[in-house]
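Written out below as structure tokens is the structure these notes cover.
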Amino acid sequence: MHGCSRLGSGRLSGSSSPSPPSSPRLRHGRGKGGGRGPKLQSFTERIVHLLLSAVFRRRGVLLFAPLVYISGMLIYMGTLSFDVPGSVAIRRRPTPGSTYRSPQVFEMLWPFLEVDGNSSDALTNAWHPKVGQSWKPCLSTRVTKAGVSTKAELPSSTGFLIIEANGGLNQQRLSICDAVAVAGLLNATLVIPIFHLNSVWRDSSKFGDIFDEEYFIDTLKNDVRIVKHLPEDVLQHFDNNISNIVNLRVKAWSSPSYYLKRVLPKLLAMGAVRIAPFSNRLAHAVPPNIQGLRCLANYEALRFSKPIRALAENMVDRMFKNSSLSGGKYISVHLRFEEDMVAFSCCIYDGGEEEKHEMDKARERGWRGKFNKTGRVIRPGANRINGKCPLTPLEVGMMLRGMGFDNTTSVYVASGKIYKEKKYISPLRQLFPRLETKETIASPDELAPFKGHSSRLAALDYTVCLHSEVFVTTQGGNFPHFLMGHRRYLYEGHAKTIKPDKRKLALLFDNPHIRWDSFKQQMREMLHHSDLKGIELKKPSGSLYNFPMPDCMCQQIDAGLPQMSDTATLN
């Protein structure tokens, strides 16, 4: 201590006077090497010695502090190791939230769950919209009044616009609505969109198999011309081959001015143009009249085909009847725990070597070496800490029970084929015996026409989720993105959606010693946060498919009359 303090004091004072004699204890500890300590053999020891020397000299603190911080973080994440060769390796404790231990937490909390007196009216009290924040759809006040179009007769068509929609159900929905907006912008005639056979979705359905073509055309007739097919005389001009029509490569998120400057001249010159692919080819920020066309297309013109509507309505009715104890109200959960989703997340669960082998095969099958590229580092623990791991059915069930929904609550699970379904769905059914899926709420004969068509099956899930009192999204994506917007459009601006804080859940589910009361309190706070975020206005960079206010809806004032937003008027 004295040696260190004198050294510091001497350097700070700048004195040239000789230092007092060193401590006998320090002199006794010196060897023959000119007062030097033991020779530092390893590179690691030299680095540590250098850093410590710099810190004690004080001048090096500012210089080395960033390096020390970065090195500490790398050690914390497991990138660097300071193990000395030949020494006993010290096993670091896993970072909190990095390990899947939900089954252990469930086992510890189950006795408390069995006797917990959650209220059966939790569904009724889940949402508390603020007074004065009620919104209503007001497209009808913009487009038609008393059944008469408020717009003048449509101008002459500039040509035919052909687009190709790719992806799953809601990616296709996005392309269709944007195509309507672009056709309105260019005064073009839109040909009913072509659906691309996606290598992932493998659904050969056409527009009319999923959506009601006649209703779509009729709803938009006052705003955009739409035809089912390219007229014969136009097709003959291109040798009866649609592939001969020029395909314009439009950049993603292109502005309206781009379409007017680049696409319109070619449309006028050729009479028809194609844009394929057309996913995300129009910017979020467009003039109010074009934004209004998006609203009209998504929330009014696009309804499912008659076969889908008929079965979906029956499924909703059955869910209402099964939920008699809660006044016909039920919870829907969009569960993303399919094999491909688990594989893509690169998260580790409790399946050991068998799970690792299956996930490696799934990643190679689906993404062909993407995850094996040189230099790519996969950190499952970091993914879990950052909330990027798909929630398991067990985790969803524990979360909902913690929020106050008891075991009499009816729950509908919208999902593809669950990974190891028997293993993972069983705990959720234990927590919520009134659990339903499309396979249980509809008969095999009813589902037969939809088998092999993922977009049609997704349309059934979409409809049942749309009419639930509570919707739970667990992993993001287009399905919850569109569904939340649609629910806001139907439920006075409130999404009535639980968006879990998955970072917080990762910490809670990694603590086998957590008390049930503490867990419940955290879950109630999470539900309250979702309630507060239920009504949100679209930001400038946001999407009206998720946030329909104020572009597609009008806020209600005290007099009960719709209050029009300046940004939400169709010209």
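- No donor-acceptor pair closer than 3.5 Å links the side chain of D223 to the backbone N or O of G184.
- Figure legend: R336 and F479 shown without cation-pi pairing, the cationic atom not lying both under 6.0 angstrom from the six-membered ring centre and within 45 degrees of its axis.
- At most 12 non-hydrogen atoms from other residues, nucleotides or ligands lie less than 6.0 angstrom from NZ of K388.
- A donor-acceptor contact shorter than 3.5 Å is absent between the side chain of D218 and the backbone of Y215.
- Between P480 and F471, the closest side-chain pair of non-hydrogen atoms falls below 4.5 Å.
- A side-chain donor-acceptor contact under 3.5 Å links R249 to the backbone of A276.
- No side-chain donor from either of Y412 and N322 sits under 3.5 Å from a side-chain acceptor of the other.
- Residue H528 qualifies as open at atom NE2: its count of foreign heavy atoms under 6.0 Å is 12 or below.
- At a cut-off of 3.5 Å, with distance as the only test, no side-chain donor of H237 or N244 sits close to an acceptor on the other residue.
- In the model, D445 has no side-chain atom that pairs as donor or acceptor with a side-chain atom of S443 under 3.5 Å.
- Each of Y462, Y299, Y491, Y545 was checked for a side-chain hydrogen bond (donor to acceptor under 3.5 Å, both in side chains) with H486, and the lone residue meeting it is Y462.
- The two residues L508 and M523 come nearest to each other via the heavy atoms CD1-CE, 3.5 Å.
- Remark: K228 engages E214 in a salt bridge, criterion side-chain N to carboxylate O under 4.0 Å.
- For the residue pair S175 and A165, the shortest heavy atom distance occurs at CB-CB, 3.7 Å.
- Counting non-hydrogen atoms of other residues, nucleotides and ligands closer than 6.0 Å to CZ of R303 gives a total above 12.
- Proximity of a side-chain donor or acceptor of H494 to a complementary backbone N or O of K496 within less than 3.5 Å is detected.
- In this pair, F211 and F304 present their aromatic rings parallel. The plane angle is below 30°, not in the 30 to 60° band.
- Ring planes of F320 and Y330: tilted class, angle from 30 to 60°.
- Taking a cutoff of 4.0 Å between a charged side-chain nitrogen and a carboxylate oxygen, D212 and R309 qualify as a salt bridge.
- Here the closest heavy-atom approach between residue I192 and residue E213 is recorded as CG2-OE2, 3.7 Å.
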